[in-house]
Protein chains: 2
Amino acid sequence: MAERPIGDRRRIPEATVARLPLYYRALLETGEMGITTVSSERLAELAGVNAAKVRKDLSYLGSYGTRGVGYDAEYLLHQIARELGLSQDWPVVIVGAGNLGQALANYRGFGARGFRVVAVLDADPEKLGVEVAGLAVEAFTDLARIIESRKVTIGIIATPGHAAQEVADALVAAGVGSILNFAPTLITVPPEVSMRKVDLATELQILSFYQLRRALLDQPRAAR
Amino acid sequence: MAERPIGDRRRIPEATVARLPLYYRALLETGEMGITTVSSERLAELAGVNAAKVRKDLSYLGSYGTRGVGYDAEYLLHQIARELGLSQDWPVVIVGAGNLGQALANYRGFGARGFRVVAVLDADPEKLGVEVAGLAVEAFTDLARIIESRKVTIGIIATPGHAAQEVADALVAAGVGSILNFAPTLITVPPEVSMRKVDLATELQILSFYQLRRALLDQPRAAR
DNA sequence: CAGACTTTGTGAGTGCGTGCACAAGGTGGA
DNA sequence: TCCACCTTGTGCACGCACTCACAAAGTCTG
């Protein structure tokens, strides 16, 4: 049951990485309920996936289960946190103090697990100094200074689409390694920077696609 | 170049459906620039994907390109919109009038393409009547009535995690066919209902995973 | 009108992710 | 100590999606 060093075991598939947070959350819940041991079956149910997948996913982290028993919830939680880097502190900067930026800054659950919003920036002088989630909005022109001095590693883009690429470039130039983009635009970053996007319009359009199909099944008139 | 009826051609892969909104957006941009014809190469660049993928994706919709020339931007735009159901009007209800719910309600780009927020609901009596994006916040208890009378097809959950499943159940019971969940919890819905989730904590944790790996590459100390 | 050129549409090969099914391994009771 | 039982960890087969590479099909030029 020895801990394995991070990184030097076989590569963890992307799909697995994307599920680890689900297990993490599920384990937090079981912890609150005082459960000390979980089976892959139970964990699968809580995370909404297949039990075999849970086992395979967890096996990438190491052999942390006990056959015939299950996984020690607390220990497994610790291992996943370690793997995800949640035992560390990740300073986050939010660029864009509009509705979305403010909502994100106020979002609980950021600070909770290692992610700490250390600055909210905006290019609009009107917004400067406005208090958002206990922080005064700062100038976008101070980006580089802020990122360096506060050791920011993650940047969140919550600007209108037309500003997103410029912001991304500035974040990358300032040394940020990860970007979460909420702007409805394609942004490109160098390969050594991680980028993920959250796109409301896209999500709705996907839903609309399937909704349309169902509607057509109910009353199969000629489309349009 | 005949239009094909929606639905009765070979099944469109999920991955393709998820990319159609990207092409749609790219085509809107080219349209604004006055470009009338686009090649798969160009479209690929704008959407940030591979050109062969673009062609294969579009081929699921029909043969709407011209060899040696490319795709007629406007016509293709129309076809994608039709396929995604964007020529229709999709009334949307947002449940949860907190920071996130308000930000979502104010988000431009919803109304833009067929998605219209027709109600913002909240269970907290304090929030009743507060104006959000031009709408007065209504009571969660009125959900069923509102959904039926306003023909709502899509529900957005922007509540705290502990309320999410209850809200989802209510939405489903009221006849909503698609749900977009922003709450950081697993919710389960019947198979005939489409559900997608947007999870900030998960996204950050995924970024943190890769950030950690990069940090360890730079200074390979023992982990932790 | 013919031939060079451009770009689509798709067949085929490959790799990743999923899920089944089972052997391996550990527990607890008799 | 042995046996029945339980749950993990994984080998294997399958399917989906991605990419390459090229034939098909249209345009343009001389």
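Convention: sequence-line order gives letters A, B, ...; per-chain numbering from 1.
- When all heavy atoms are compared, the tightest approach of B/Ile187 to B/Ala164 is CG2-CB, 3.7 Å.
- Across all their heavy atoms, B/Pro91 and B/Val118 have their closest contact at CB-CG1, 3.9 Å.
- Remark: P of D/dG9 and OH of A/Tyr60 are 13 Å apart, rounded to the nearest angstrom.
- Residues A/Gln102 and A/Asn106 bring no donor and acceptor atom of their side chains to less than 3.5 Å of each other.
- Aromatic rings of A/Tyr71 and A/Tyr64 (six-membered ring for Trp) have centroids beyond the 6.0 Å cut-off, not under it.
- Taking every nucleotide of DNA chain C with any atom under 4.0 Å from a non-hydrogen atom of chain B, the first and last of them, 5' to 3', are C/dT6 to C/dA12.
- When each of A/Arg19 and B/Tyr71 is assigned the nucleotide of DNA chain C bearing its nearest heavy atom, the one mapping closer to the 5' terminus is B/Tyr71.
- A/Ser194 pairs by the side-chain hydrogen bond (donor to acceptor under 3.5 Å, both in side chains) definition with B/Arg214, not counting sequence neighbours.
- Residues that satisfy the side-chain hydrogen bond (donor to acceptor under 3.5 Å, both in side chains) test with A/Thr159, not counting sequence neighbours, are absent from this structure.
- In the region residues 38-53 of chain A, proximity to DNA chain C at under 4.0 angstrom, judged on heavy atoms, holds for A/Asn50, A/Ala52, A/Lys53.
- If you measure from atom CG of A/Leu76 to atom C1' of D/dT7, you get 14 Å, rounded to the nearest angstrom.
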Within the sub-3.5 Å range, which N or O atoms of nucleotides 22-27 of chain D have a protein N or O partner, and how far apart are they?
from, atom 1, to, atom 2, distance (Å)
D/dA24, N3, B/Arg67, NH1, 2.6

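- The CG atom of A/Leu58 sits 13 Å away from the C1' atom of D/dT7 (whole-angstrom rounding).
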May I have the step-by-step check of side chain to side chain contact (heavy atoms under 4.5 Å, CB included) for B/Leu121 and B/Ile94, ending in yes or no? CA-CA 6 Å; B/Leu121 311 189; B/Ile94 296 177; over 6 Å; no
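- A donor-acceptor contact under 3.5 angstrom links the side chains of B/Trp90 and A/Ser208, judged on distance only.
- With sequence neighbours left out, A/Tyr23 forms a side-chain hydrogen bond (donor to acceptor under 3.5 Å, both in side chains) with A/Asp57.
- The separation between A/Asp57 atom CG and D/dT10 atom P is 13 Å, rounded to whole Å.
- Side-chain polar atoms of A/Gln211 and B/Ser178 form a donor-acceptor pair below 3.5 angstrom.
- No side-chain N or O of B/Arg82 forms a donor-acceptor pair with one of B/Ser87 less than 3.5 Å apart.
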